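What you see is a predicted model, and the numbers here were worked out from it, not measured in a lab. In what follows, every heavy atom counts, from backbone to side chain, and hydrogens, waters and symmetry copies are set aside.
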Amino acid sequence: MPGVVIVGAQWGDEGKGKIVDLLTEGADAVVRYAGGPNAGHTLVVPDGKGGHTKIVVRLVPSGIIRAGTRCILGPGTVVDPIALAGELDELKGRGVYDDGKQPERLIVSDRAHLILPYHKLVDGLREQGAFAVGTTKRGIGPCYEDKARRNGVHVRALTDLARLERHVARALDAWAPSMRALGVEPPTPKKIVEEIEPVVARLLPLIGDASLATDRHLKAGRRVIFEGAQGTLLDLDHGTYPYVTSSSAIAGGACTGAGVGPTAIQRVIGMTKAYTTRVGSGPFPTELDNEIGERLRTAGGEFGAVTGRSRRCGWLDLPALRYAARVNGLTDLVVSKLDVLTGFERIELCVAYDTPHGRTDELPMDDLDQVRPVYETLPGWSENLRQARALSDLPATARAYLDRIGREIGVPIALVSVGPERDSTIRLRDFFG
């Protein structure tokens with residue numbers, strides 16, 4: 001059962017989309033197992049005219065741009081039907097995927113939960129208050145709240161609009177006190193159904209048993225990629241709570257979010273940038289709120305694919321990476337955006353933390369808002385890395401930087417990305433080998 005999990009080893013935005021796109025060259029199916037349309041993946045692919053074009057996917061798995069690859073939204077995801085229909089329109093307009101002609105290429109789990117207009121309403125209102133956590137305001141958190149308190153609405157409810165309206169009425173009854181406390185009157189169930197009804201017929205052919213479809217691929221010996229959303233430090237249980245997402249972003253979430261057992265997973269690939277970024281509120285000890293941080297942001301194009309928000313930038317955090325390696329059980333490490341560090345005379349590397357309880361080389365999760373990172377200074381490089389296709393093409397200082405990361409984390413580096421294009425890549429291991 002050659003299942004491979006791709007997981008973010010930082011606060012998300014590590015470049016998982018590009019790596020999934022690369023791996024689907026030899027894969028049969030891509031399964032998205034968590035999150036919703038709050039997790040965009042930016043893909044830079046050949047345009048067929050000798051150049052490249054950028055495609056952003058938000059909910060649909062990155063494998064959709066590879067003809068013939070099956071894409072599956074697992075039961076652990078949350079689906080905004082209006083946003084999904086809009087994304088399908090974009091893909092059709094780009095000539096990437098036509099759901100009217102090939103609906104079988106995309107399966108939306110009948111057990112995934114629907115993000116409905118009232119979820120987005122509540123999310124937006126909460127983010128205006130003093131306790132905002134920096135969400136994308138896409139309704140993801142409130143939808144998962146409904147799921148946990150057993151008031152959620154499954155995707156399969158779209159097959160019967162009368163039943164859908166009954167489920168919505170129950171959910172709105174539970175939300176009514178919160179909405180009124182936030183200064184709005186709850187919408188009627190009928191209004192909610194009327195709002196999404198125009199896209200329902202289009203989505204019905206896509207709805208199916210995602211767990212069964214995934215299991216059949218695995219039992220047939222086909223190669224399956226489990227695509228994560230966000231990153232380890234945004235995981236609901238293992239991240240920098242409460243500044244986290246509302247789902248399981250770590251590798252273990254692939255099993256519950258896709259509906260497969262742990263024996264289906266062969267390898268776990270962790271994604272990290274050569275530096276660190278974070279979007280939204282919350283502690284970020286290695287953040288550079290200065291000209292160096294701005295330089296990283298500009299050189300790395302650090303702006304959200306979904307929201308356009310600028311990302312906070314800082315030096316690479318080795319204790320955080322070790323933590324991600326442990327809780328995910330990483331077998332391989334991918335380092336992206338190494339090229340962004342070109343031109344820095346010196347590069348700082350966080351190797352430990354000074355905490356109220358002393359120095360530690362582990363991630364002091366409960367003290368992150370009151371710690372001081374301990375840095376080691378490494379020599380930088382000035383050479384342009386965009387044409388590197390082998391480690392030998394890199395300057396010695398860049399190779400030493402990668403060696404230090406792999407040695408400190410205890411996980412072999414399998415791939416290094418030196419640009420957004422598919423071919424701007426140094427491949428060191430076969431992920432399906």
**Fill in**
Between Tyr118 and Ala171, the two heavy atoms sitting closest are OH-CB, 3.5 Å

**Request:** Could you tell me whether a side-chain N or O of Thr69 sits under 3.5 Å from a main-chain N or O of Ile64, the two making a donor and an acceptor?
**Result:** no

**Prompt:** Any luck finding a side-chain donor-acceptor pair between Asn328 and Thr232 under 3.5 Å?
**Reply:** yes

**Salt-bridge contact Glu227-Lys16 (side-chain N to carboxylate O under 4.0 Å)** = no

**Item:** Test: Arg150 and Glu145 ion pair at under 4.0 Å
**Value:** no

**Complete:** For Ala254 and Val260 the tightest heavy-atom approach is O-CG2, 4.2 Å

**Fill in**
Only residue of Thr77, Val31, Leu73, Ile72 satisfying side chain to side chain contact (heavy atoms under 4.5 Å, CB included) with Pro61 is Leu73

**Request:** Check whether any side-chain heavy atom of Leu206 lies under 4.5 Å from a side-chain heavy atom of Ile107, and answer yes or no.
**Result:** no

**Request:** Run the salt-bridge test on Lys137 and Asp123 with the 4.0 Å N-O cut-off and return the result as yes or no.
**Result:** no

**Message:** Looking at Asp80 and Ala83, would you say the former's side chain and the latter's main chain have a donor-acceptor pair under 3.5 Å?
**Reply:** yes

**Message:** Between Tyr353 and Asp317, do the side chains contain a donor N or O and an acceptor N or O under 3.5 Å apart?
**Reply:** yes

**Message:** Looking at Trp175, I'd like to know if the NZ or CZ of Arg126 sits under 6.0 Å from its six-membered ring centre while staying within 45 degrees of the ring's axis.
**Reply:** no

**Request:** Would you check if there is a donor-acceptor pair between the side chains of Glu302 and Tyr275 at a distance under 3.5 Å?
**Result:** yes

**Gap between atom CG of Leu321 and atom CD1 of Ile409 - 0.5 Å precision** = 4.5 Å

**Complete:** Paired with Asp146, the side-chain hydrogen bond (donor to acceptor under 3.5 Å, both in side chains) test is passed by just one of His119, His113, Arg170, namely His119

**Message:** Taking Gly35's backbone N and O only, do any of them form a donor-acceptor pair with Gln230's side chain (distance below 3.5 Å, no angle check)?
**Reply:** no

**Asked** When rounded to the nearest 0.5 angstrom, what distance separates CG in Asp339 from OG in Ser417?
**Response** 6.5 Å

**Message:** Keeping Arg386 on the side-chain end and Val418 on the backbone end, is there a donor-acceptor pair under 3.5 Å?
**Reply:** yes

**Asked** Hey, are the side chains of Phe226 and Arg32 touching, using non-hydrogen atoms and a 4.5 Å cut-off?
**Response** no

**Prompt:** Does a salt bridge link Asp215 with Lys219, judged by any charged N lying under 4.0 Å from a carboxylate O?
**Reply:** yes

**Message:** Quick check: do Pro205 and Glu104 have side-chain heavy atoms less than 4.5 Å from each other?
**Reply:** no

**Request:** Could you verify whether a donor N or O on one side chain and an acceptor N or O on the other, from Ser336 and Glu14, lie under 3.5 Å apart?
**Result:** no

**Message:** Check this for me, if you would: do Glu165 and Lys191 make a salt bridge, where the nitrogen-to-carboxylate-oxygen distance has to be below 4.0 angstrom?
**Reply:** no

**Prompt:** With the threshold set at 4.0 Å, does a side-chain nitrogen-carboxylate oxygen contact exist between Lys190 and Glu195?
**Reply:** no

**Message:** Between Arg422 and Asp21, does any NZ, NE, NH1 or NH2 come within less than 4.0 Å of an OD or OE carboxylate oxygen?
**Reply:** yes

**Prompt:** With a 4.0 Å cut-off, would you call Arg202 and Asp89 a salt bridge?
**Reply:** yes

**side chain to side chain donor-acceptor pair (under 3.5 Å) partners of Arg94, counting only residues at least two apart** = Thr53

**Item:** Electrostatic pair Asp332:Arg429 at N-O distance under 4.0 angstrom
**Value:** yes

**Message:** Using the salt bridge (charged side-chain N to carboxylate O under 4.0 Å, His left out) definition, which of the options Arg312, Arg297, Arg311, Arg278 pairs with Glu287?
**Reply:** Arg312

**Asked** Does the Asp235 side chain pair with the main chain of Ala249, one donor and one acceptor, at a distance under 3.5 Å?
**Response** yes

**Complete:** In terms of heavy-atom contacts, Ile115 and Lys120 come closest through CG2-CG, 4.2 Å

**Request:** Please answer whether the main-chain N or O of Asp423 pairs with a side-chain N or O of Arg389 as donor and acceptor at a distance below 3.5 Å.
**Result:** yes

**Message:** Taking Asp99 first and then Lys92, would you say they form a salt bridge - that is, a charged N and a carboxylate O separated by under 4.0 Å?
**Reply:** no

